[in-house]
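In what follows, residues are counted from 1 in the order of the sequence shown. Just the heavy atoms: all of them, side chains too, but no hydrogens, waters or symmetry mates, feed the values below.
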Amino acid sequence: MASESAVSAAAEPRRPSVGGGGGSSRFRHSESDSDSEPDLGPTPKTFTRLCSRDAADRAAALEELTRAVLARLGLDRRPGSERLSKPSLLRLLRLSRSCPLPEVRERAAKLLRTAQERGVEIPRALTSGSSTFIPAKEMAKERPKQEVLLEAFYSLGRLDNITMVMALHPAFLSCFLRTQHALLDLDGPLPSLWRHYIVIMAAARHQCSYLVQQHSAAYLEAGGDESWLGGMQHVPAKLRSLQCLNKLLAHRPWLITQRHIQELVCPGAESRWSLAELIHAVILMAHTHSLSSFVWGCGVNPEPDHTGGHAFSPPSPNHLPHSPHSPAHEDGRQELTDGVMEVEVLMKRMAELQEQEEECTQEEMLTRFERERSESIPTAVVRGAPPEVVLCLVEDPEFSYEDFAPQGLQAPATMRAQDYSWEDHGYSLVNRLLPDMGQLLDEKFQVVSNMTYHRMAMHNGVDTYPLRKALWNYIHCLYGIRYDDYDYGGVNVLLERSLKVFVKTVACHPEQTTTRIYNAFWRDFKHSEKVHSNLIVMEARHQAALLYTLRAITQYMR
């Protein structure tokens, strides 16, 4: 595990509208009816001060919070006559569940109990832990040092479930937070409200209610027009013009051409985008699409203050309601019988692959690539209709990933990495149009590609490079990107079918990820290793989508 200082340089201290999406779940379509009621109780500023790095400021804010809550629950008032608002109650619930500072967490829980004793209907969380795939006890075993969680809490203004899962790999979390902070908060060509709205648009493509809610709250807290959350028909034409590019980036980025760029940035275009604005929007969309893959692939649970993450009604004696915003639950208990054998076979195959001296011809390498690209890997899962909060933001909801197929006169050709790569082409273009962003993205790609603990399941001292390389190149293969100098026979040797099913589902159809698919691969590996595989899927997918768009921009600029 990386040092606890890995997150220390992650981001400038931020307030609740960033990263965690803010402390409130007040947005259109929410369960809360708080829009029509006064905000009774502590102010948002009081909650914000609880995230201060200064211990004295936090202590003063905690006392202020306590006084404000108790004043609303004063013993001289009739029970229930002056209740706390739902936003305040949900903030208290969130703090009582996820705050890494024990004094804050315990005080929030105590204030909720006091409110309940005074006749206030308090919320309860519907989920346990940060992931529906990883049992809370297992997460606790692999949890990073407290300093990592505290640094993330101070930087984000809250400790959300994405951060909790990603914190299993602190070195990656550090550069992820820096990149996200730059995309959402630092100076750039796009206004803050538009940045959050573009994330909402992108998350809706993969039915990722988690990110839609997170950034809807941030959008409203920054002063956004609530009507925009009711559908794309309410937003400016310039934002609506991104819908086609958003759709292609999410599902079939190889279809993006110079024409799509020209339609958005040419001088005669209606609501013209500058190249700097467009590259900012493209990176935000690709970032969100890939982060949606991570949310679904790790089974990230709704936040306690999200719709689907809490309820005010008494718990049912039979079952807890299933959240429509979490990955589908299936009976998918891990089968450990063959888990150890699976690890041993993989170890042997890796050793044999590294010792192999056979050199293949270019024709054979191409044949092996085509074999992997055209392999039939089923991913379809029957799932209910997405919630209206997501569906109203999606144009052409039936449009989805289809296997990359270069055959035919009108079909796109395979992208050879030697002709257009991130290192030789994409990096410099991004840095030119959006200064420093190329460096941040490159660091993130490098960290996830090189990150290793020299461990595999119960074995230590393992060189996992061949496995990590096979995962990265397989994902690029699914997106039609080929490396001339890589032998794709290694993909078939190292990635058994259940792993391919998981990877293809998460990379191409993330909303179809289920517990069964997650549990079926690497059955004797640690959950942190499965999270590591999800990070590779997320970043390989992000880079693949960017490459196609950056190539189209390059062609337009010539």
Main chain of [Y], side chain of [X]: is a donor-acceptor contact present, judged purely on distance under 3.5 Å?
{"X": "Q146", "Y": "P100", "answer": "yes"}
{"X": "Y479", "Y": "A507", "answer": "yes"}
{"X": "E529", "Y": "A457", "answer": "yes"}
{"X": "S155", "Y": "A152", "answer": "no"}
{"X": "H310", "Y": "H306", "answer": "yes"}
{"X": "Y219", "Y": "W228", "answer": "no"}
{"X": "R58", "Y": "S52", "answer": "yes"}
{"X": "E138", "Y": "P135", "answer": "no"}
{"X": "W273", "Y": "K238", "answer": "yes"}
{"X": "N161", "Y": "N301", "answer": "yes"}

Does any donor atom in the side chain of [X] or [Y] lie under 3.5 Å from an acceptor atom in the other side chain?
{"X": "T554", "Y": "R558", "result": "no"}
{"X": "Y518", "Y": "H527", "result": "yes"}
{"X": "D160", "Y": "T163", "result": "yes"}
{"X": "S292", "Y": "H289", "result": "no"}
{"X": "Y210", "Y": "E303", "result": "yes"}
{"X": "S290", "Y": "S293", "result": "no"}

So which atom in [X] and which in [Y] form the shortest heavy-atom distance, rounded to 0.1 Å?
{"X": "Q180", "Y": "H287", "value": "OE1-NE2, 3.1 Å"}
{"X": "L495", "Y": "A470", "value": "CD1-O, 3.9 Å"}
{"X": "P253", "Y": "A545", "value": "CB-CA, 4.0 Å"}
{"X": "V212", "Y": "L393", "value": "CG1-CD1, 4.3 Å"}
{"X": "L546", "Y": "A286", "value": "CD2-CB, 4.0 Å"}
{"X": "G308", "Y": "L126", "value": "O-CD1, 3.8 Å"}

Find out whether [X] and [Y] are in side-chain contact, i.e. whether some heavy atom of one side chain is under 4.5 Å from a heavy atom of the other.
{"X": "I134", "Y": "V531", "value": "yes"}
{"X": "L183", "Y": "M437", "value": "yes"}
{"X": "S533", "Y": "L471", "value": "yes"}
{"X": "L467", "Y": "M456", "value": "yes"}
{"X": "R551", "Y": "H425", "value": "no"}
{"X": "N534", "Y": "V165", "value": "no"}
{"X": "P189", "Y": "L434", "value": "yes"}
{"X": "W194", "Y": "E277", "value": "no"}

Y483/W422 under ring pair (Phe, Tyr, Trp, His ring centres under 6.0 Å): CA gap, chis, key distance, verdict: CA-CA 12 Å; Y483 295 84; W422 169 256; over 10 Å; no
Exceeds 12 heavy-atom contacts within 6.0 angstrom, atom [atom1] of [X]:
{"X": "K526", "atom1": "NZ", "value": "no"}
{"X": "R416", "atom1": "CZ", "value": "yes"}
{"X": "D225", "atom1": "CG", "value": "yes"}

Step through it carefully: locate the ring centre of [X], locate the ring centre of [Y], and say whether they are under 6.0 Å apart.
{"X": "W472", "Y": "Y465", "value": "no"}
{"X": "H169", "Y": "Y453", "value": "yes"}
{"X": "H251", "Y": "H206", "value": "yes"}
{"X": "H476", "Y": "F404", "value": "no"}

Distance from [X] atom [atom1] to [Y] atom [atom2], nearest 0.5 Å?
{"X": "L248", "Y": "R205", "atom1": "CG", "atom2": "CZ", "result": "9.0 Å"}
{"X": "S271", "Y": "L239", "atom1": "OG", "atom2": "CG", "result": "9.5 Å"}
{"X": "I481", "Y": "L478", "atom1": "CD1", "atom2": "CG", "result": "10.5 Å"}
{"X": "H215", "Y": "R195", "atom1": "NE2", "atom2": "CZ", "result": "12.5 Å"}
{"X": "I475", "Y": "M538", "atom1": "CD1", "atom2": "CE", "result": "11.0 Å"}
{"X": "R97", "Y": "L95", "atom1": "CZ", "atom2": "CG", "result": "12.5 Å"}

Within 45° of the ring axis of [Y] and under 6.0 Å from its six-membered ring centre, is that where the NZ or CZ of [X] lies?
{"X": "K530", "Y": "F525", "result": "no"}
{"X": "R91", "Y": "F47", "result": "yes"}
{"X": "R252", "Y": "F399", "result": "yes"}

E151 with R53: basic N within carboxylate O range, under 4.0 Å: yes
Check ion pair K444-E539 (N to O, under 4.0 angstrom): yes
Stepwise side-chain hydrogen bond (donor to acceptor under 3.5 Å, both in side chains) check, S428 with R432: CA-CA 6 Å; S428 57; R432 174 182 167 188; over 6 Å; no
Verdict with supporting geometry, V503 and I536, side chain to side chain contact (heavy atoms under 4.5 Å, CB included): CA-CA 10 Å; V503 169; I536 293 173; over 6 Å; no
Pair D442-N431, side chain to side chain contact (heavy atoms under 4.5 Å, CB included): steps then yes or no: CA-CA 10 Å; D442 188 64; N431 255 5; over 6 Å; no
Pair L242-L278, side chain to side chain contact (heavy atoms under 4.5 Å, CB included): steps then yes or no: CA-CA 9 Å; L242 284 178; L278 183 60; 4.2 Å; yes
Test log, rule side chain to side chain contact (heavy atoms under 4.5 Å, CB included), inputs L291 and F176: CA-CA 10 Å; L291 186 55; F176 174 84; 3.9 Å; yes
